[in-house]
Amino acid sequence: MEIVEHIQALDEEGKLLAAAAREAGTDAELPTCPGWRVRDLLRHTGTVHRWATAFVAEGHTSPRPEAGEPDLDGAPLLAWFEEGHRHLVDTLRGAPADIDCWSFLPAPSPLAFWARRQAHETAVHRADAESARGGGPGAPAADFAVDGIDELLLAFHARPKSRVRTEKPCVLRVRATDANTVWTVRLSSEPPVTERAATSDVVDASADADCEISGPAPQLYLSLWNRLPFPTVTGDPSLAALWRENSGI
């Protein structure tokens with residue numbers, strides 16, 4: 001996906017998040033985030049939006065802590081969230097392509113990193129807000145979901161801090177049944193090593209996998225972020241459980 005597409009997704013996802021939060025009310029519980037209510041989600045996501053904005057708007061080249069969350073609730077909290085979201089979108093749209101600022105995952109540029117990261121940050125939390133209304137969260141588009149799975153498997157869990165590890169080397173396969181895409185995640189006592197391929201390039205998608213998680217990309221995306229159950233699990237179910245228990249970021 002291109003930067004402009006990530007920014008458009010961020011714009012849309014933030015508006016959907018705010019609409020769901022307004023409908024549910026800030027006191028509503030989040031089934032996808034046990035212990036949280038909608039107010040916690042708005043405070044967290046709004047704070048992250050402002051944190052991200054500062055790197056791009058002010059050109060900070062080293063890590064900076066997030067500011068404290070606001071002591072707001074109800075309509076003032078929603079207005080605060082919407083203001084921060086709009087400022088983030090406008091900042092990214094107006095930033096020069098060669099902006100130099102800190103980022104923490106591989107990307108073609110810092111601007112590409114922040115646009116992508118905030119689009120997926122907001123999309124996952126939009127699903128949380130929608131869960132507070134009752135019923136399941138709306139699914140993202142398949143291409144956006146594939147992009148998000150890429151970020152999660154090829155970037156987030158390639159970092160040393162990933163806790164998805166096994167003493168005995170094994171292979172977890174993730175297969176998007178609607179997107180001709182397979183991710184092969186090699187697990188060991190080191191950080192996971194993931195390769196992505198087209199399904200048609202994998203002669204037998206399950207031949208060297210100890211466990212396979214498969215399903216439509218939008219469902220896989222939310223399930224790998226632990227927002228939905230896995231669509232289908234074949235092989236050793238303990239590896240799917242390992243992901244569920246240790247993949248939180």
Side-chain angles (χ1 to χ4, degrees), residues 1 3-22 26 30 32-33 35-74 76-129 140 144 147-148 150-152 155-162 225-227 247-249:
M1 292 180 65
I3 292 173
V4 66
E5 295 174 297
H6 282 128
I7 297 174
Q8 182 60 34
L10 167 62
D11 191 3
E12 294 171 357
E13 294 289 347
K15 290 174 180 176
L16 290 171
L17 192 162
R22 184 172 284 107
T26 57
L30 299 182
T32 53
C33 296
W36 269 27
R37 297 181 183 270
V38 168
R39 68 173 62 87
D40 301 303
L41 178 70
L42 290 171
R43 290 168 181 168
H44 165 75
T45 312
T47 297
V48 170
H49 283 171
R50 284 164 168 77
W51 175 73
T53 298
F55 286 105
V56 179
E58 301 169 20
H60 300 297
T61 57
S62 59
R64 294 167 59 88
E66 296 176 4
E69 296 182 359
D71 186 19
L72 296 173
D73 204 350
L77 176 58
L78 273 159
W80 175 85
F81 170 82
E82 290 173 318
E83 177 186 35
H85 169 250
R86 173 50 49 200
H87 187 34
L88 173 59
V89 170
D90 290 346
T91 296
L92 291 170
R93 281 185 173 147
D98 61 352
I99 182 72
D100 181 22
C101 63
W102 179 77
S103 59
F104 61 87
L105 294 177
S109 69
L111 182 60
F113 163 78
W114 284 111
R116 183 194 207 190
R117 176 80 291 276
Q118 290 308 299
H120 290 295
E121 173 84 11
T122 307
V124 171
H125 288 317
R126 181 266 303 163
D128 293 329
F144 182 78
D147 182 74
D150 269 350
E151 184 197 45
L152 184 63
F156 265 118
H157 282 286
R159 299 186 299 170
K161 62 176 62 179
S162 176
W225 277 105
N226 294 330
R227 264 56 183 191
S247 66
I249 294 172

**OP:** Report the C-alpha separation of His125 and Asp128 in whole Å, then their side-chain angles, then the decisive distance to 0.1 Å, and conclude whether the side chain to side chain donor-acceptor pair (under 3.5 Å) test is met.
**Re:** CA-CA 5 Å; His125 288 317; Asp128 293 329; 2.8 Å; yes
**OP:** Over all heavy atoms of both residues, which pair between Pro96 and Leu111 is shortest? Give the atoms and the distance, please.
**Re:** O-CD2, 3.8 Å
Original post:
Partners of Trp80 by ring pair (Phe, Tyr, Trp, His ring centres under 6.0 Å), sequence neighbours excluded?
Top reply: none
**OP:** Not counting sequence neighbours, list each pair that qualifies as a salt bridge (charged side-chain N to carboxylate O under 4.0 Å, His left out) and has a residue in residues 39-48.
**Re:** Asp27-Arg39, Arg39-Asp73
Subject >> Listed partners of Thr122 passing side-chain hydrogen bond (donor to acceptor under 3.5 Å, both in side chains), at least two apart >> reply: His49
Subject >> Asp11: salt bridge (Lys or Arg N to Asp or Glu O under 4.0 Å) partners, not counting sequence neighbours >> reply: Lys15, Arg86, Arg93
Original post:
Do you know the tightest heavy-atom contact between Leu78 and Ala18?
Top reply: CD2-O, 3.8 Å
Original post:
If you look only at pairs with a residue in residues 50-60, which of them pass as a side-chain hydrogen bond (donor to acceptor under 3.5 Å, both in side chains), with sequence neighbours excluded?
Top reply: Glu58-His60, His60-Arg64
**OP:** Using side chain to side chain contact (heavy atoms under 4.5 Å, CB included) as the criterion, point out the one residue from Leu10, Leu17, Thr45 that pairs with His85.
**Re:** Leu10
Give the table of side-chain donor-acceptor pairs shorter than 3.5 Å for residues 98-107, with sequence neighbours excluded, one pair per line with atom names and distance.
none

**OP:** State which residues pass side chain to side chain contact (heavy atoms under 4.5 Å, CB included) with Leu152; sequence neighbours excluded, sorted by chain then number.
**Re:** Phe156, His157, Leu224, Trp225, Trp243, Ile249
Original post:
Taking only residues two or more places apart in sequence, or in another chain, which ones meet Thr47 in a side-chain hydrogen bond (donor to acceptor under 3.5 Å, both in side chains)?
Top reply: none
**OP:** Can you sort out the partners of Ala20 under side chain to side chain contact (heavy atoms under 4.5 Å, CB included), two or more places apart, ordered by chain and number?
**Re:** Ala129, Glu130, Arg133
Subject >> Residues which pass salt bridge (Lys or Arg N to Asp or Glu O under 4.0 Å) with Arg116, listed by chain and number, not counting sequence neighbours >> reply: Asp147
Original post:
What residues form a side-chain hydrogen bond (donor to acceptor under 3.5 Å, both in side chains) with Gln118, not counting sequence neighbours?
Top reply: none
Original post:
Looking at Trp36 versus His44, is the centre-to-centre ring distance below 6.0 Å?
Top reply: yes
Subject >> For Arg117, all residues meeting salt bridge (Lys or Arg N to Asp or Glu O under 4.0 Å), sequence neighbours excluded >> reply: Glu121, Glu151
